[in-house]
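Encoded as structure tokens, the structure appears first; notes follow it.
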Amino acid sequence: MSSQPGTSQYGADRPHPFRYTAQIADEIERRWQATWEERSAFCQPNPGEAGFDASRPKYYCLDMFPYPSGAGLHVGHPEGYTATDIMSRYRRMTGHNVLHPMGWDAFGLPAEQYAIQTGIHPAITTRQAIDNFRRQLKRFGFSYDWSREFGTIDEGYYRWTQWIFLRLFDSWFDPAHGRARPIGELVSALERGRVAVNTFGEVVAIPTGSQAITGSVVGVRMWHELSDDERGALIDTYRLAYRSETTVNWCPKLGTVLANDEVIEGRSERGGHPVVRKPLSQWAFRITAYAERLLKQLDSLEWPASTKTMQREWIGRSEGAEIDFAIDGTDQSLRVFTTRPDTLFGATYMVIAPEHPLVQMVIEGAGPHAAAVADYAARTRRRSDVERQESREKTGVFTGLRAINPATGQAVPVWTAEYVLMGYGTGAIMAVPAHDERDFEFAQAHGLPMRDVVYQPPVFAMRYFALHSYPEGAVEEGWRERLADFVGISVTGAPAKPAAERLRRVFQQRAAAPDQVCEVGPMGSRRGVTQRVWLEVIEDLHVSDFGALRREFEAGMYHASHDGALAEAGIAANSTNADISLDGMHSADAKEAVLAWLEAKGLGARKVNFRLRDWVFSRQRYWGEPFPIVYDAGGRAYPVGESHLPVKLPALADYAPVESEDPMPLLAKAQDWVKTTAGDAGVAPSLLAPETPVWRETNTMPGSAGSSWYAIRYCDALNPGRFVGREAEAYWMAGGVDLYVGGSEHAVGHLLYSRFWQNVLFDLGEVTTPEPFRRLFHQGLITSFAYQRKDKTLVPVDQVSEPSEGAFVETATGAPVSQIVAKMSKSLKNVVNPDEVIAEFGADTFRLYEMYMGPLEASKPWNPRDIAGLFRFLQRLWRLAVDEETGKPRTSADPSANIEKLLHRLVVKVGADIDRLSLNTAIAAAIEFVNACVGVDKGMGALTSDQIRRLALTLCPFVPHIAEELWARHGGAGFASHQPWPQVDARLLVDDEVEVPVQVAGKVRSRVMVPAGADAGTHERVALADARVQEFIAGKPVRKVIVVPGKMVNVVL
RNA sequence: GCCGGAGUGGCGGAAUGGCAGACGCGCCGGAUUCAAAAUCCGGUACCCCCUAAAGGUGUGUGGGUUCAAGUCCCUCCUCCGGCACCA
């Protein structure tokens, strides 16, 4: 492929000096791009600035900003960017103030890794990459307001990223109000004694009024009783940004922390060095506090359903209860979370996570089980999450502890096992093996008891029969048939929930007289048939005799012997104690009943749990935002004062990680920078005396820091005094970003984190809207052809040729290879470079091709063969308006009324399609229109200049350069891009007569013309009068005629 | 395993429950050309047929709802994406 414009086959233009060719496209495009830039055509003023038109509605159209990689743009980037450009240009034309910015997500690992190899500062390579990206993007003619451009690495930007971090550091989540508040308000509440601290370190309200506590509440301490250190530590545990101990994969040899998938069998993927799991103190955000809101607010968003689902599942809300089990022989209790409190009577053992504090206690207690427990805990700690996933073997050891099941009063063993995760719920479970698959497997593996407490209705009936029908010891012939009949009668037609009530009635009627249950019913009867079905089921149980069945139910071992765990809802059984009986209740009711009992007894409470974990925010890397935090000698964290922001990255002599046994962030190498004083760091003197020695935080922020709020910054990108001007934010962010386009790979990460920051800033009154992105759209992946040999190995694209149609061979060997569609990647050598495509066809053709490939959201293969079709379309468009021999504008002296009508319809169709981002169909409509014009052209010109100008405006969002050119050549003043969207005459959108297909017996047999707006009767008359229709009716009686006016007539015979 | 999404000509794809295959590519035929490329015009789902008319078949599979199903419901198959011991 050529990289010079005009040297391709599409540039050979000698016979037609003014044909639309790659050279002409190149010339036009560069000229208009320069003109737009010169006149700041797409600079959008903010409210209050010169040129701002307050009468227009706003439209904020945003792309996910790119990471500027050294490799430059690939064809996937402009896909979304073209779509948003079309939308932005269209909205400008329909009278909106449009905010359409672009910038750079520029901190990140690749630049740092390059720096390690070359010693070049990442800032230098990143700036170069940005310059290259900007150059490439500008060549597409995107209508970005470049005056708002910034990168996350700009001091003027990350200063505010640090500032937002401090706002989170300085806030806590008040569960009573469900929102973030300044930490100072918590402190003053504590000082005023309205709240206190209980033994769990939880802040609790102190009741006020007449029964005010006279002495100190047991287990509750007042603020004034705490030492300074205790106060500080307590406050820290409430901050939205807090430090937490997290286990990381540390590779001493590489000197870096590795992600789980970079560790293979305890060794680093790169180099195979040993990796150890080490605890590390890291910054985290209390995003879990916002779980409920992040979940609920999803409903209000116009997002792809799949993305909402992914976020919902990621947040993972589940309702259940927390229940306390007393630990036998101690005054301690073990708290568990369960979604099935109704199965409490079936809890026959407990399991705690190996990281559970109780495990440590057992080890320290040095009892007979301590050694085994310690060994198991140590073993599991060494295993990474990935390894744990690979082997799902249910390992575990007995801790020696016993807990009292509060419902049964039974002492049950407490085990520790890695299938229980410390990070979810309380890190401890009540195991109900009969009703949980995992508990069942574990119980089987370790010989733990099981107890049925829920049955499906037929089994419940079976149990009733087994326990009540025959006297003890009597074993009768034909019990299977009778049982089958009983089950059939009991449950036939019973919907799941009322089954319990129904069963009770049936039992009352029948159980008293089991001998009245009939023998095998007559085959013809419904009862007989039902009975036979159940008989099969019962025979499949392979129970030797009736006594055996009875014993299974007596022991509550039915599930253990037959189906395995029953995890679904059903009817409760074996669930009675002195206070309460759940027997016969449906699981949903049993849940309520047991919860009421637990709450009354103070043994448990309803609880909602989330799968979502707090957001670990530290990275042990260089190329990221430094934290505006310093530590004193005691390790307490202090915020850097606002006036001292940004905290800049220190220069390093080199970027190579240091070999070390203990995790050490790269910034620790900059000892001069790390060691400073409170005064130099800008810590408020009220917090720390200026001369106090302090040490800077050496972790840096992750990439998601800068990308979590950039949408806000674009509203007022250069504001030096605030992270965003209040007026600008209120205007542009009202209701959120109006259209946000980017890949679905960010469905949870970026899109959840941004929502979290936005919510916090909203709570703190810094922004005016709680959700950043109102409408979200994911563009599909652009794939590319790749070639594989018979053995499935891949052959680079440039080593494949196609000697005959559809047959591909490896050029070097001549061996046949098969064509597959795959993601573009360097290793497959199937990456398409947009610069080359633009050189061969121009940017307008490129834009058109990418939008025409298929639905924007679909993944679709890049096929170079297809591009020419769009280029030819632009050639035809051009030829309609410009004489290929003279270069003079072509116009029609005799405009066609039909063409005018089609033009109006095109304007409507294109507008509607842009609205729903159905850009491929909009382009198809435009092609159809141009083809229709070519049909009437006959070398004379088909359109008037006015029509050509309107056509140019209609196509301007898609192909702005050629549109500007045709607009100008046909006498348009100003930029086409600044014109209002063409007016539509509604009268031209309807025809006088419409053709309506006529079906006879559901098959289209003819078409008739009816006047527009004709009623059903007219349709019917005209249709039945049609000769072909009559032929098909052939004298048969017409039963019915269905008419959809203007659409269809169906004659039913 | 669970949860989404998608299966339509040779290819990319179009179709508020109402004419399946718009539009583009490719291919075939023609024009232009000394010739080729480029460009332009026409044809192009499949079967039957010399051709045309007429007819028949057809939207992954099998069933269902409906006057009417690519579209709605159920079964199964394949592919893609996400999650995965979450109590």
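Here is how names work: the chains are called A, B, and so on, in the same order as the sequence lines, proteins then strands, and each is numbered from 1.
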**Prompt:** If you find the nucleotide of RNA chain B closest to A/A924 and the one closest to A/P855, which residue's nucleotide is nearer the 5' end?
**Reply:**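 Nearer the 5' end of the strand: A/P855.
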Checking all strands, does [X] fall into the base, sugar-phosphate, or nothing category for heavy-atom contacts under 4.0 angstrom?
X       : answer
A/I927  : sugar-phosphate
A/Q999  : base
A/F1032 : sugar-phosphate

**Request:** For the residue pair A/Q23 and A/T21, confirm or rule out a side-chain donor-acceptor distance under 3.5 Å.
**Result:**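 Per modelled atom types, A/Q23 and A/T21 side chains form a pair under 3.5 Å.
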**Prompt:** Between the side chains of A/S318 and A/N609, is a donor N or O closer than 3.5 angstrom to an acceptor N or O?
**Reply:**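 No - no donor-acceptor pair under 3.5 Å links their side chains.
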**Prompt:** Got a sec: does the CZ of A/R1039 have more than 12 other heavy atoms crowding it under 6.0 Å?
**Reply:**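 12 or below, so no.
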Side-chain N or O of [X] closer than 4.0 Å to phosphate OP1/OP2 of [N]:
X       : N     : result
A/S318  : B/A87 : yes
A/R312  : B/C83 : no
A/R872  : B/C25 : yes
A/N863  : B/G13 : no
A/N920  : B/A14 : yes
A/R1039 : B/C67 : no
A/K860  : B/C25 : no
A/R1028 : B/A53 : no
A/Y424  : B/A87 : yes
A/R865  : B/G24 : no

**Item:** Row check, A/Y419 ring normal vs A/K394 NZ/CZ: under 6.0 Å, within 45°
**Value:**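 So A/K394 does make the cation-pi contact.
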**Message:** If the glycosidic angle sits within 90 degrees of zero it is syn, else anti. Tell me which applies to B/G26.
**Reply:**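 The base of B/G26 is oriented anti (glycosidic angle more than 90° from 0).
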**Euclidean distance for C1', B/G7 against B/G70 (whole angstrom)** =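 Looking at atom C1' only, B/G7 and B/G70 are 11 Å apart.
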**Item:** Span that lies between the P atom of B/A38 and that of B/C28, in whole angstrom
**Value:**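 These two P atoms come out 13 Å apart once rounded.
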**Item:** Main-chain N/O of A/G742 paired to A/H778 side chain as donor or acceptor, under 3.5 Å
**Value:**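 Such a contact is found between A/H778 side chain and A/G742 backbone.
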**Prompt:** In which ranges does RNA chain B form stems of 3 or more consecutive Watson-Crick or G-U pairs, distances under 3.5 Å?
**Reply:**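 Stem list for RNA chain B: B:1-7 with B:77-83, B:10-12 with B:23-25, B:26-31 with B:39-44, B:45-47 with B:55-57, B:62-64 with B:72-74.
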**Prompt:** Looking at A/R606 and A/E319, does any basic side-chain N land under 4.0 Å from a carboxylate oxygen?
**Reply:**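 No, no charged N to carboxylate O under 4.0 Å.
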**Prompt:** side-chain hydrogen bond (donor to acceptor under 3.5 Å, both in side chains) with A/D324: which residues, sequence neighbours excluded?
**Reply:**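 side-chain hydrogen bond (donor to acceptor under 3.5 Å, both in side chains) check on A/D324 returns A/R335.
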**Item:** Base B/C67 to side chain A/N1050, donor-acceptor N/O within 3.5 Å cut-off
**Value:**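 Donor-acceptor pair under 3.5 Å: yes.
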Can you list, pair by pair, the side-chain donor-acceptor contacts under 3.5 Å of residues 853-864 of chain A, counting residues two or more places apart and other chains?
residue: A/K860; atom: NZ; partner: A/E79; partner atom: OE2; Å: 2.6
residue: A/K860; atom: NZ; partner: A/P855; partner atom: O; Å: 2.8
residue: A/K860; atom: NZ; partner: A/L856; partner atom: O; Å: 3.2
residue: A/K860; atom: NZ; partner: A/A858; partner atom: O; Å: 2.7
residue: A/N863; atom: OD1; partner: A/R865; partner atom: N; Å: 3.2

